[in-house]
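Below is one structure, written out as structure tokens, with a few remarks after it.
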Amino acid sequence: MDKGKGTGLPPKSHFLDIHEVVPEEGEEGEEQVMKTAGKMDKRPPRVREIRKQQRKIISRQVSLETGVSVMNKQSQAKTGRGVLPRSGNSFAGYGEVHRFGALNDGRRENFNMFRTKSTLGKQNSLLPIRKDSGIDHVMQNLDGLDGSNYESVNRSVPAGRYFAACTGPELDQVKDTEDILLPKDELWPFLLRFPIGCYGICLGLSSQAILWLSLSQSPATEFLHVTLYINLCLWLLALAVLCAVTFTYMLKCIFYFEAVKREYFHPVRINFFFAPWVVCMFLAIGSPPLILPGKTSPAVWCAFMSPYFLLELKIYGQWLSGGKRRLSRVANPSSHLSVVGNFVGAILAAKVGWNEPAKFFWAIGFAHYLVLFVTLYQRLPTSEALPKELHPVYSMFIAAPAAASIAWAKIYGEFDDVSRTCYFIALFLYMLLVVRITFFTGFRFSVAWWSYTFPMTTASLATIKYAEEVPSVITKGLALSLSFMSTTMVCVLFFSTLLHAFLWHTLFPNDLAIAITKKGNKEKKPQKKSYDIRRWAKQSALPFVSALRKNNSGNKDSDGEKEGYGTT
């Protein structure tokens, strides 16, 4: 007999709570799960298995919610956001993405991507990440999160990408519609903001040292009684600036080599990699007699011209091969820097007594100058680096023919017809720029302006040589006028540089051009206006309507005939 029946009590029953327990965030959810787990030991085996499966699901939900709450607190402390956007991706890699600074709001102080050998894989290896964290999937979808591409940091950016993303004569200004890899509202490290265009300062000062040496030694300007101490001071100043710029840029190569690679693949700044060797040859040509009275050694020419020639083979090979960096695509006025060095090297070779190498480099420079001049003068549609408005960048057109005239006179010992032809070309281009002087105003000052001073100095030197061959009041007055304009421009830029560097602290702004992404934002095509659509619809519908009318008229005639036939 059952105990329940004898005592009159109801039989023992097992009551099961089949409702799902909804956990709460934080510690309350964990306590509730622990209470539920404690009751499960008193249940039958079958119910225990069911509860075990439910406990796994609930524990997963609790760990997920607690993880979200923890990350909410961390994101509020870092970014100031109160709500964490939830997506369908795994949350396991979300913290790592924030740690990298991949999002727009988390990109602050994330400059390690441009450090030397700083690949994304090396950064990932320094972090304790689980295999199943899903970080690879998240990093592959970074383009969808913030429009940036971390793989493009360590890869070459196509030349067309710079034309599409940047504006300005030097392609140093990024369009507003473009996104960059570094924050715009923060001041970057100094080495990242130091461009290779600073060698333009050395070009201007070293060419001035040659100009004042020529003014003091030329028979056409001997009435001025220019002392050699001006040449000495300018030469020492140029040498000091060259050492300072070279030391700083070497530090950039050591610590931020990825940024240097970006500048090398830039279609405009790649030409400034020729500038250090041109400056060294300028200093060798304008060496002061007070310090170096003897003849220049040929080893000096070999030391400065060899790296220039190797880089020249690389660049000219790209121009000739017809690839993505062909001349018709990347040509810009700064490309004259890669040509004018041949004439400067020819001048130095003639000075050391090597006329045959001087003729060799003169021929190379003149051949490529003609091709570059024609390419830039035509303004091909692919030459997007040329802006519509005039700018001092066009003074680069003067440098090559003026240097070619001086080099030819140095090689053959006289300012003959070939030298005069090159000089007249440079003089005419100079006049074209002078008559449009109003177009050279209203532009923001930058270090790149310095590279536009040595063409004026080179034209002044060619005019002094021409005044020696054709002595007259006009030629001497022209030589003095161009020399005065050149020196005045250098003095103005020198004091402007000092003010921007030490007083206003605006000489080196953020170099946005090196931080563009490899893939740009897809711009939506402008929609056609309504009246254009109506006009197109009207034009396209005319033959269709006329055909319908013919068919309708034919049907009416046939119906009428049928009706008439039936009535008769």
Side-chain angles (χ1 to χ4, degrees), residues 202-222 226 228 230-232 234-236 238-239 242 274-309 312 337 339-366 369 399-416 418-420 422-423 426 454-455 457-469 479 483:
C202 308
L203 287 172
L205 294 177
S206 58
S207 60
Q208 281 292 305
I210 302 175
L211 175 62
W212 284 93
L213 178 63
S214 180
L215 288 174
S216 61
Q217 294 179 344
S218 176
T221 57
E222 60 182 359
V226 178
L228 289 173
I230 301 178
N231 164 256
L232 176 61
L234 289 173
W235 191 85
L236 293 176
L239 181 61
L242 175 63
F274 294 93
W277 316 112
V278 177
V279 173
C280 292
M281 289 187 285
F282 275 161
L283 292 177
I285 295 171
S287 57
L290 299 176
I291 298 179
L292 303 171
K295 188 177 180 180
T296 306
S297 175
V300 175
W301 180 83
C302 295
F304 297 153
M305 199 61 196
S306 297
Y308 186 95
F309 181 66
E312 192 175 49
L337 278 173
V339 176
V340 72
N342 293 288
F343 302 120
V344 179
I347 295 172
L348 183 58
K351 185 178 180 180
V352 301
W354 288 4
N355 286 336
E356 293 304 316
K359 296 175 184 178
F360 173 77
F361 283 102
W362 192 94
I364 294 175
F366 191 76
Y369 168 71
S405 65
I406 299 173
W408 185 273
K410 190 71 175 177
I411 294 171
Y412 293 96
E414 59 178 347
F415 206 84
D416 57 5
V418 178
S419 296
R420 296 183 187 187
C422 297
Y423 167 69
F454 88 93
T457 307
T458 309
S460 303
L461 290 168
T463 306
I464 294 173
K465 293 294 182 181
Y466 180 71
E468 293 177 3
E469 295 292 329
S483 301

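No hydrogens, no waters, no symmetry mates; every other heavy atom, side chains included, goes into these values.
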Between Met281 and Gly341, the two heavy atoms sitting closest are CE-O, 4.0 Å
With rounding to the nearest 0.5 Å, note down the distance linking OG1 in Thr457 to CZ in Phe282. 8.5 Å
At what distance, to the nearest 0.5 angstrom, does OG of Ser306 lie from CH2 of Trp277? 9.5 Å
Identify which one of Ser287, Pro288, Pro289 satisfies the side-chain contact (heavy atoms from CB on, under 4.5 Å) criterion when paired with Leu232. Pro288
Any chance you could lay out the side chain to side chain contact (heavy atoms under 4.5 Å, CB included) test for Val300 and Val352, step after step, and finish with the verdict? CA-CA 9 Å; Val300 175; Val352 301; over 6 Å; no
Looking at every heavy atom in both Thr221 and Leu215, which two are closest together, and how far apart are they? OG1-O, 2.8 Å
Distance-minimising heavy-atom pair for Lys410 and Ala350: CG-CB, 3.6 Å
Can you check whether Glu356 reaches Phe360 side chain to side chain, under 4.5 Å on heavy atoms? no
Dump the intermediate steps for side chain to side chain contact (heavy atoms under 4.5 Å, CB included) on Ile406 and Phe343, then the final yes or no. CA-CA 8 Å; Ile406 299 173; Phe343 302 120; over 6 Å; no
How are the rings of Phe366 and Trp362 set relative to one another: parallel (under 30°), tilted (30 to 60°) or perpendicular (over 60°)? parallel
Restricting to side chain to side chain contact (heavy atoms under 4.5 Å, CB included), what partner residues turn up for Ser214, sequence neighbours left out? Ser218, Leu461, Ile464
Where is the tightest heavy-atom contact between Gly345 and Trp301, given as atom of each residue plus distance? O-NE1, 3.0 Å
Taking it one step at a time, do Ser419 and Asp416 satisfy side chain to side chain contact (heavy atoms under 4.5 Å, CB included)? CA-CA 5 Å; Ser419 296; Asp416 57 5; 3.4 Å; yes
So, does Lys351 use its side chain to make a donor-acceptor pair with the main chain of Ala284 at under 3.5 Å? yes
How many angstroms lie between CH2 in Trp235 and CG in Leu205, if you round to the nearest 0.5 Å? 13.5 Å
Run the numbers on Val340 and Tyr369 for side chain to side chain contact (heavy atoms under 4.5 Å, CB included), then give the verdict. CA-CA 8 Å; Val340 72; Tyr369 168 71; over 6 Å; no
Roughly how far, to the nearest 0.5 Å, is CH2 of Trp408 from CD of Glu414? 10.5 Å
Between CZ on residue Phe415 and CZ on residue Arg420, distance to nearest 0.5 Å: 7.5 Å
For a 4.5 angstrom cut-off between non-hydrogen side-chain atoms, does Ser483 reach Leu211? yes
Nearest 0.5 Å, what's the CD1-CD distance between Ile364 and Glu312? 6.0 Å
Of the non-hydrogen atoms in Tyr423 and Ala459, which two are nearest, and what is the gap between them? CE1-O, 4.4 Å
Show the nearest heavy-atom pair for residues Asn231 and Ala209, with the distance to one decimal. ND2-O, 2.7 Å
Do Leu337 and Leu203 come within less than 4.5 Å of each other through their side chains, counting heavy atoms only? yes
